[in-house]
There are 2 protein chains.
Amino acid sequence: MSRAFPPGLSEQQFERALAAFAAVIGSEAVLSTDSDRHAYRDIYDHRPQDRHLPGAGLAPASVEEVQAIVRIASEHRVPLWPISRGKNMGYGGSAPRLAGTVVLDLSRMNRILDIDVKHGHVLLEPGVTFFDLFAVLQENDIPLWLSVPSNSLGSVVGNALDRGNGYTPYGDHASKVCGMELVMPDATLLRTGMGALPDSVTWQLYKYGYGPSWDQVFMQSNYGIVTKMGLWLMPEPESTLTLKMQCPNEEDIGWIIDAVGPLRRRNIIQHNPNIGNFMQFAMTMTSRSDWYDGAGAVPAEVEAAIMQKLGLGWWHVNLTLYGYDEVNEFHAGLVRKAFAEHTSQPFEVHKWHRGQPLDIESGAGVPMTLPLNMVNWAGGRGGHLEFSPVLPQDGARCLRQLQRSRALFRQYGVDYYGSYTVGERHVNKINMIVFNKDDADQTQRCHQLFHDLVAEGAADGYGEYRTHLSYMDTVAATYSFNDHALLRLNEQFKDLVDPKGIIAPGKQGIWPKTLRERKT
Amino acid sequence: MSRAFPPGLSEQQFERALAAFAAVIGSEAVLSTDSDRHAYRDIYDHRPQDRHLPGAGLAPASVEEVQAIVRIASEHRVPLWPISRGKNMGYGGSAPRLAGTVVLDLSRMNRILDIDVKHGHVLLEPGVTFFDLFAVLQENDIPLWLSVPSNSLGSVVGNALDRGNGYTPYGDHASKVCGMELVMPDATLLRTGMGALPDSVTWQLYKYGYGPSWDQVFMQSNYGIVTKMGLWLMPEPESTLTLKMQCPNEEDIGWIIDAVGPLRRRNIIQHNPNIGNFMQFAMTMTSRSDWYDGAGAVPAEVEAAIMQKLGLGWWHVNLTLYGYDEVNEFHAGLVRKAFAEHTSQPFEVHKWHRGQPLDIESGAGVPMTLPLNMVNWAGGRGGHLEFSPVLPQDGARCLRQLQRSRALFRQYGVDYYGSYTVGERHVNKINMIVFNKDDADQTQRCHQLFHDLVAEGAADGYGEYRTHLSYMDTVAATYSFNDHALLRLNEQFKDLVDPKGIIAPGKQGIWPKTLRERKT
């Protein structure tokens, strides 16, 4: 296996740095065999020239060890790529932006430091997974609900830091963060918000603190290493009521967005519902070869066959109401009324009551891995990329964007899987690009498609909320108002707090001055 | 009237700077007469040694003029104190932290740049007042509701930037901000969030943007001058139902907090209700001399007489439910049940339906000025200070903090006016300190009281969310975790973006390095 070293370091110098790390955290916590490095690669990206090949891994067990690592990294000029569990699937997994960067794997720091049942919050280390936290809540009959992303293998902290989405009323994970502790690039320990007050009793209760509030600057960025994070959890409701519908036509998405948007903004629908096309199911439950073996995107008649056979419409709508039976029933009436203006189809109804087991139908955040199956769709070893622009809650605009995106998918011969997560004011469109990573031509086409989607979105005034390692610079370049004033601020702040550029160079397009020429 | 000049500037140098400003924005927009300076003082602070005496005022009419002012200020080393309308009552009004600072009065920039009725947001210049915006919404029958602070004379933008509170479900104003435009200290124009994407159509729809999200760093701070701000407005509900109760005993606050907290966290009560003591009404509607002319705080028997005569309990509870009749009635039942565990008193009920005029009873954000009457309580020319710690939603803790605060109020002979605003996880306690600013001894006692309250709060783990100019350093000093790591970060960032220290030196305890010795 080829190796990559930190910029400017010889193999010998790098080995000396690894020895220095080992002296502090133990040699068993320095992971530098070929298989270690392989384990930290982006498992969905096997392009021959691996631009994101990790230099090694380090697995500290404590905040003090993180501080020691940062000091040594600074001395030896070794860039670090902090991961919580490294399950940033579709966006690069655990791999660093810059080849040779050392993955700082925080998964051993996996304590749940506090569960405040009364106030409804937790204080977590980065290694705590959704499964871990769910198990503890369940085993202790704690009436607090998680919100989980559709692939829930990862870290609660890591997902929030990358602004991941879940689908309960607490699904905007970043907005439920309340207070952080970080190790800064100079090894200073920082506590944000009310945590800056010694012996504070409101660190996880009030987000802003006094003066500037920094939590949101430490998300999707590379200014510090989060070692503790407060997160609000949702009090378990008395009951939920879920309304499901399959809508038959591609263009139905226009009226669906226009029907759901007002209900969402009025908080009748309190969560961010996900509205996906039939491919979301088809890719998860079946393989492309079950349906079609031609080249290019599956044609319309095959799409029709998939829908018919699986009993799906073009779109499935899944809206959950949270609260009390009486209230949910009343709100369900409002939802039905809004939909009745466009369709005579009835909703399928699911109900859950407190005391019943939490399952997917409950509307609770139940960790799951099933959706990852989709990567097997295209055959061979699977991979996926997610193109994720932010759109207005406007049916006509969403439909136009869909049609343009689909045309690009067809042009590059890629099957179309799209979904919309409807936020409080915006729509988060996920265009899932699934490929066989052993098929070099297909992989290449998917990457070209991605570039075109970014450019087309920007031309329409749409930007991504998050992106894969390989496109971090591409997307950052679209946020160019006033000669990239915001990116320049991001870079200035980077150089201020991390002058040696040791934390996650290139993350979200933010490069330290020492490596700014690496921008692509 | 005595004058103050920017640090290090002679009168002559300062006059040259004013002439340079006048050359760009016109001499009529340079406000440097005695009465101009007087108008920008803290109207509630007439201590003989005015630590916050403005040097002059500047009133630009456009973003370009703000940029020009910043360039000249930088050249002449003239610090600027940006205000929107300057109605930061109880926290310093329009006055600067540092005497001699020039007030940058943005009130002429008062355009409502966008009202998106469908998505429910506005884009505002800083000069737009709550009254302005309310009038435009009413005159155009736009079904969007404001949230207003209890004294609503000021700017919508300015209030959000200082993290002011209102009392509708959109009462956490800072959390409803979505996208900013700023003039930075080097005159660069910056747009945050999705606004960094040219021709973005989601600037006011999605808060975070791509990468680090800066909006919350530009609040309660001095890093840039906000020239445009996006704000979400609440879609008008179908109806509201308000439940009111007078609770007779001081110690009732314990169970009230414990009853309201869970309803708030479960979003049954969707807004941040304000629970105030009888003095909130007594000070607004009557004068101290109506009741008592002795020295020291009004004694218990006079308090009892006030409550009896005005028909008040110790605490008044005012909870509004927003939505549809059926839902509000159901939720009212849950509120009644929670209160019935502690009292047999019934609630007084007020209902509002769409189509009825918006009044205070509607639960809408209707701008008002009546609460400002309280400053007349103590006689003479009135003033007030607000001590505002953040507490947990824990009745026992709130009660203990109340008893300790009240003891201090008594010790300094100050009448007690307290209220609690119940947030989603925290309680914002406002201790209103009302004085006769012409009574030097009383004023002095109030300031000593304030110092003691801050120290006592910090010892219990409570910090302020906001404070008066004179206490910005005092409060900042309580956020001292790890040798003031957070304040040091704030200062580092200050020196980065504003090396000459021209924007609001000392705001929230953040001083530029050129003036750091001014810290008190």
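Lettering follows sequence order; numbering is per chain, from 1.
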Please classify the contact of [X] with chain A as side chain, backbone, both or neither, using a heavy-atom distance under 4.5 Å.
X      : answer
B:D199 : backbone
B:F330 : side chain
B:A459 : neither
B:K118 : both
B:P262 : neither
B:L161 : neither
B:V475 : both
B:F218 : side chain
B:R265 : both

Let me know if [X] has heavy atoms under 4.5 Å from chain B in its side chain, its backbone, both or neither.
X      : value
A:Y322 : neither
A:E238 : both
A:D325 : neither

Legend entry - Residues A:W214, A:F493; criterion ring-ring contact (aromatic ring centres under 6.0 Å, His included); working and verdict: CA-CA 12 Å; A:W214 289 93; A:F493 187 61; 5.3 Å; yes
Inset, instruction - May I ask you to name which of A:L487, A:L334, A:I510 has the most heavy-atom pairs under 4.5 Å with chain B? - result: A:L334
Legend entry - Basic-acidic side-chain contact under 4.0 Å: B:R97, B:D473: yes
Inset, instruction - Using a strict 4.0 Å threshold on nitrogen-to-oxygen distance, state whether B:D394 and B:R400 make a salt bridge. - result: no
